[in-house]
Amino acid sequence: DVKVTQSSRYLVKRTGEKVFLECVQDMDHENMFWYRQDPGLGLRLIYFSYDVKMKEKGDIPEGYSVSREKKERFSLILESASTNQTSMYLCASSFASSGRFYEQYFGPGTRLTVT
Amino acid sequence: GNSVTQMEGPVTLSEEAFLTINCTYTATGYPSLFWYVQYPGEGLQLLLKATKADDKGSNKGFEATYRKETTSFHLEKGSVQVSDSAVYFCALSGWTSGSRLTFGEGTQLTVNP
């Protein structure tokens, strides 16, 4: 079974703090993704990575950065947390597309509250 | 670009009722189609998938058929249970999006005993 784990299920941080969300997958997937999920807005892609040290902006990258130093690990960084970044954050991974389109596997999510 | 339109929720059913959640899509070529389920407080789980026209995906009593002619991938279950209460997302991945998924807005299903 594919396993995607996230470092915390719940996190409370203060405005202005630097926040790290960690994601690890054990299926040797090339691609990894970070989404945020908010009521009424669905899932929105923040960043994704298709290889180690590679990254691409998604639909809402402002206020976030990412790091992928190892294939199995993808980190989301909030440089200076703000209250509008209170959300559910979901990590996902998949094989690379090469004439086929693969499903993504999701972690359990991190509910981040910024006060 | 790609897009997915799901039937609006919320949907409320009694146990053992028949379920249909409509999903239509717009995409170039032949995308792969997916249904995901999200239980309260959890991440998304892949429920079923179909990768070519006329394929039927099935899992846990749920089914969906990839209909190219109507660009649809409706989710069905013959007899729902209270434990099926969740949010259901239709999604696609295709030639213009590569590895990215395009999601529908999600449909909240509540099943009452």
Side-chain angles (χ1 to χ4, degrees), chain A residues 1-10 21 23 25 27 29-51 54-60 74 87-111, chain B residues 1-10 23 25 27-53 55 57-59 64 66 68 73 86-108:
Chain A
D1 260 4
V2 177
K3 195 144 180 131
V4 180
T5 56
Q6 295 183 229
S7 49
S8 306
R9 292 299 301 270
Y10 300 94
L21 303 182
C23 175
Q25 51 94 4
M27 275 301 290
H29 285 162
E30 293 84 7
N31 298 326
M32 296 188 75
F33 306 82
W34 275 107
Y35 296 88
R36 65 177 282 177
Q37 184 179 23
D38 301 287
L41 296 176
L43 281 97
R44 293 180 291 169
L45 183 65
I46 305 171
Y47 266 100
F48 67 101
S49 168
Y50 50 90
D51 202 350
M54 306 301 287
K55 62 185 180 185
E56 283 202 24
K57 293 180 180 179
D59 302 317
I60 52 162
F74 191 36
S87 186
M88 170 73 109
Y89 289 88
L90 294 168
C91 175
S93 70
S94 75
F95 288 116
S97 293
S98 53
R100 280 191 57 185
F101 305 113
Y102 294 97
E103 60 272 27
Q104 292 180 18
Y105 293 88
F106 284 79
T110 296
R111 185 160 295 282
Chain B
N2 298 335
S3 68
V4 175
T5 303
Q6 267 184 254
M7 129 187 210
E8 285 190 24
C23 171
Y25 68 89
T28 303
Y30 294 87
S32 291
L33 301 173
F34 310 96
W35 276 101
Y36 283 86
V37 59
Q38 185 178 32
Y39 298 103
E42 299 190 8
L44 276 69
Q45 299 176 26
L46 180 67
L47 182 58
L48 52 84
K49 66 180 181 182
T51 58
K52 60 183 189 296
D55 263 4
S58 61
N59 186 25
Y66 187 161
K68 180 72 176 171
F73 192 54
V87 181
Y88 292 81
F89 292 91
C90 185
L92 72 81
S93 180
W95 289 108
T96 59
S97 59
S99 299
R100 294 181 60 156
L101 284 177
T102 300
F103 285 93
E105 291 300 310
T107 301
Q108 171 76 56

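Each chain gets a letter, A, B and so on, in the order the sequences are listed, and its residues count up from 1.
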Most contacts with chain A, counted as non-hydrogen pairs under 4.5 angstrom, among B/Gly41, B/Gly104, B/Ala91: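 Highest number of heavy-atom pairs under 4.5 Å: B/Gly41.
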CA sep, side-chain torsions, deciding dist, call: A/Tyr35, B/Leu101, side-chain contact (heavy atoms from CB on, under 4.5 Å): CA-CA 11 Å; A/Tyr35 296 88; B/Leu101 284 177; 4.2 Å; yes
Measuring from atom [atom1] of [X] to atom [atom2] of [Y], what distance do you get when rounded to the nearest 0.5 angstrom?
X: B/Lys49; Y: A/Tyr102; atom1: NZ; atom2: OH; result: 8.5 Å
X: B/Thr51; Y: A/Glu103; atom1: OG1; atom2: CD; result: 9.5 Å
X: B/Arg100; Y: A/Phe33; atom1: CZ; atom2: CZ; result: 8.5 Å

Contact origin within B/Leu44 toward chain A - heavy atom pairs under 4.5 Å: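 Contact with chain A is through both the backbone and side chain of B/Leu44.
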Contacting region of B/Gln45 [heavy-atom separation from chain A under 4.5 Å]: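 No part of it gets close to chain A.
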B/Tyr36 side chain near A/Leu43 side chain, heavy-atom distance below 4.5 Å: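 The answer is no; the side chains never approach within 4.5 Å.
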Over 12 foreign heavy atoms within 6.0 Å of CD, B/Gln108: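 Count over threshold, so yes.
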Heavy-atom pair count under 4.5 Å with chain B, highest-scoring of A/Glu56, A/Gln37, A/Arg111, A/Met88: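 The answer is A/Gln37.
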